[in-house]
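A short worksheet on the structure shown next.
Every value quoted in this text rests on a predicted model; they were computed, and no experiment measured them.
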Amino acid sequence: MATIRKRVWRNKGGKHQAWVVSYTDSEGNRHREQFGTKRLAEARRIDVEGQIKNGLYRASAQTTTVEDACRAYLTVLTKQIERRERVPAYLDHEASCIWNYICPKPGRKTHFSGGISGIKLADLTARSVGSFRDRMRAGGRSVKGARRVIGTLTRVLGYAVSEDLVAVNVSRSVRVTGKRGEGSEKISPPSKEEFAALLSACRNGFKVAVIFSAATAVRISELFALTWSKLDLDNAEVHIDSRVDRKMNRDTTKSKAGLRTIPLARALVSTLRDWRCETQFGEDFDLVFPNSLGKFQSQTNFRRRLFLPAQEEAKKAMAAEGKLYRRFGWHYVRHFAISLWIESGLSEKTVQTFAGHATLAMTMDLYGHLFPSKAHHKTMDTISAGLYPGYADLNPDSA
């Protein structure tokens, strides 16, 4: 039971009064809060009594801000990385969402000023999270980007709930929506002609890296972590079990599904054998695609010094033939590889396994539109043959 009493006192500034709400929480701890008017005190009394009655009251929620919870969450992630329970890239992603949007700091590249860092957890509501979402969208954040930020906030509040800092994760009910079709664009891989133009512009080890990536669909982080010991050229397969992040740290793959074995074409095996003879880093534990010093390749330098110039050369070559070359990011080489697997008839489950996707749903969300639909047409023909007189005569193939 919460009580309200009037408090009056005098000082050099004169006579003052306030209203004090006193209550005992579910753990037997006494609390006092002071308000300037009786109306505010009464509203607080009703709110506190309801929370205590429903088991939702947390004293720490009155003093802990969203930024406090974010810092505690990042500390836990850091310890998990030290124990190798998570990859460093995960911490980088969460920290980026927190410091650029949830708790934006001056000087950050996003220049977003609509964060919620100073709000107490007790005052954070689904409405305030929804307003935060709307400010992000109004500031130009895409549907996909806003979903990532709200996802990070949900995980922060989930951690706060697990630590008894707050009773309810209010962001779970907040959804990010956009115009019809926004945020759900389908993957459009490079055409074979565009890829051929790119390949013609590549040289030496970079050309081998492009061919290998277009055949195996490995991620760039997996490509740069690959050693010769993981290439079984006698049995024509590659074992993927590690990656290197942007900070040049080697770690395991993004998920358990990333641990996989991918078969290699005989032509690719021959190309790799030739490359091993040419490179000065051909020992078992040397990197297959290192930098000039035999160390991990920098993703930024790789794109700037090799990939972008090759794209520019490919664009000029196709323009000379009166054709359009669409520029694409390196990750689209992976999309190109997977599109070829689908075109060649590999099953959905096999594509998922070779691509290293955690779930089949992920594969279908990204590439489902690329799978051939002849079976669908055959089914429709079968249905129509039983509905429309003379259909079989018009379409003998359906008989």
Task: Flag for D68-T65: side-chain donor and acceptor within less than 3.5 Å - done: yes
Open item on the list: Could you check whether atom CZ of R172 has more than 12 heavy atoms from other residues, nucleotides or ligands sitting under 6.0 Å from it?
Closed with: no
Open item on the list: Do Y325 and Q311 pair up side chain to side chain, a donor and an acceptor below 3.5 Å, judged on atom types alone?
Closed with: yes
Task: Ion pair check, D286 and K295, cut-off under 4.0 Å - done: no
Open item on the list: Could you check whether any side-chain heavy atom of R133 comes within less than 4.5 Å of a side-chain heavy atom of V174, counting everything from C-beta outward?
Closed with: yes
Open item on the list: Looking only at side-chain N and O atoms, does T227 offer a donor or acceptor that is under 3.5 Å from a partner on S229?
Closed with: yes
TODO: Taking the side chain as every heavy atom from C-beta outward, state whether L121 and L165 have any atom pair closer than 4.5 Å.
DONE: yes
Task: Pairwise distance CD(E67) to CH2(W99) - rounded to 0.5 angstrom - done: 5.0 Å
TODO: For the pair E222 and R260, find out whether any cationic side-chain nitrogen is under 4.0 Å from an anionic carboxylate oxygen.
DONE: yes
Open item on the list: Can a side-chain donor-acceptor contact be found between N169 and S171 if the only test is distance below 3.5 angstrom?
Closed with: yes
- [ ] Locate the shortest heavy-atom distance separating L198 from A310; write the atom from each residue and the value.
- [x] CD1-CB, 3.9 Å
TODO: Establish, from distance only, whether the side-chain atoms of Q17 and R7 form a donor-acceptor pair under 3.5 Å.
DONE: no
TODO: Over all heavy atoms of both residues, which pair between I98 and C70 is shortest? Give the atoms and the distance, please.
DONE: CG2-CB, 3.8 Å
TODO: Report yes if the side chains of K120 and D123 come closer than 4.5 Å at any heavy-atom pair, otherwise no.
DONE: yes
TODO: May I ask you to decide if A355's main-chain N or O and R334's side chain share a donor-acceptor pair within less than 3.5 Å?
DONE: yes
Task: V210 backbone acceptor or donor facing S213 side chain under 3.5 Å - done: no
- [ ] For the residue pair M136 and F112, establish whether any side-chain heavy-atom pair is separated by less than 4.5 Å.
- [x] yes
Open item on the list: Using 0.5 Å steps for rounding, measure from the CG atom of L231 to the CG atom of L264.
Closed with: 6.5 Å
- [ ] Please check if atom CD in E283 has more than 12 non-hydrogen atoms from other residues, nucleotides or ligands closer than 6.0 Å.
- [x] no
- [ ] Mind checking the OG1-NZ spacing from T261 to K230? Nearest 0.5 Å is all I need.
- [x] 10.0 Å
- [ ] Determine the minimum heavy-atom distance between M364 and F371, stating which atoms define it.
- [x] SD-CE1, 3.8 Å
Task: Between F195 and F336, ring centroids under 6.0 Å - done: yes
Open item on the list: Before we go on, tell me: are the rings of H335 and F328 under 6.0 Å apart, centre to centre?
Closed with: no
Task: Side-chain donor-acceptor pair present, H16, N11, cut-off under 3.5 Å - done: yes
Task: Check ion pair D284-R276 (N to O, under 4.0 angstrom) - done: yes
Open item on the list: Any non-hydrogen side-chain atom of L340 less than 4.5 Å from a side-chain atom of K192?
Closed with: yes
Open item on the list: Measuring from atom OG1 of T279 to atom CG of D274, what distance do you get when rounded to the nearest 0.5 angstrom?
Closed with: 12.5 Å
Open item on the list: I'd like to know whether the aromatic ring centres of W330 and F302 sit less than 6.0 Å apart in this structure.
Closed with: yes
- [ ] Indicate yes or no: does E313 engage R203 in a salt bridge with an N to O separation below 4.0 Å.
- [x] yes
Task: V8 vs K6 side-chain heavy atoms within contact, under 4.5 Å - done: yes
Open item on the list: In this structure, is the centre-to-centre distance between the rings of W228 and F285 below 6.0 Å?
Closed with: no
Task: Exam field: side chain N235 to backbone E237, donor-acceptor pair closer than 3.5 Å - done: no
Open item on the list: Is it the case that the side chains of S96 and N100 hold a donor-acceptor pair, with the cut-off being a distance below 3.5 Å and no angle test?
Closed with: yes
Task: For F132 against I116, the heavy-atom pair lying closest together - done: CB-CG2, 3.9 Å
Open item on the list: Surrounding CZ of R304 (heavy atoms of other residues, nucleotides or ligands, distance under 6.0 Å), is the total greater than 12?
Closed with: yes
Task: Rounded distance (nearest 0.5 Å) linking atom CG of L226 with atom CD1 of I240 - done: 5.5 Å
Open item on the list: Are T37 and R39 packed together at the side-chain level, in the sense that at least one heavy-atom pair is separated by less than 4.5 angstrom?
Closed with: yes
Task: Crowding at CZ, R83 (>12 non-hydrogen neighbours, <6.0 Å) - done: yes
Task: Minimum-distance pair of heavy atoms, taken over all atoms of I262 and F354 - done: CD1-O, 3.6 Å
Open item on the list: Using side-chain heavy atoms (C-beta onward) and a distance below 4.5 Å, is V66 in contact with L124?
Closed with: yes
Task: Worked check of ring pair (Phe, Tyr, Trp, His ring centres under 6.0 Å) between F224 and F296 - done: CA-CA 6 Å; F224 292 160; F296 290 131; 8.8 Å; no
Task: Donor + acceptor pair across side chains of R250, S242 (<3.5 Å) - done: yes
TODO: Indicate the atoms forming the closest heavy-atom contact of T363 with E348, along with that distance.
DONE: CG2-O, 4.4 Å
Open item on the list: Does either side chain, that of T350 or that of S347, offer a donor lying less than 3.5 Å from an acceptor on the other one?
Closed with: yes
- [ ] Could you verify whether a donor N or O on one side chain and an acceptor N or O on the other, from E94 and Y73, lie under 3.5 Å apart?
- [x] yes
TODO: Apply salt bridge (Lys or Arg N to Asp or Glu O under 4.0 Å) to R273 and D234, showing your working.
DONE: CA-CA 10 Å; R273 289 189 190 278; D234 292 333; 3.3 Å; yes
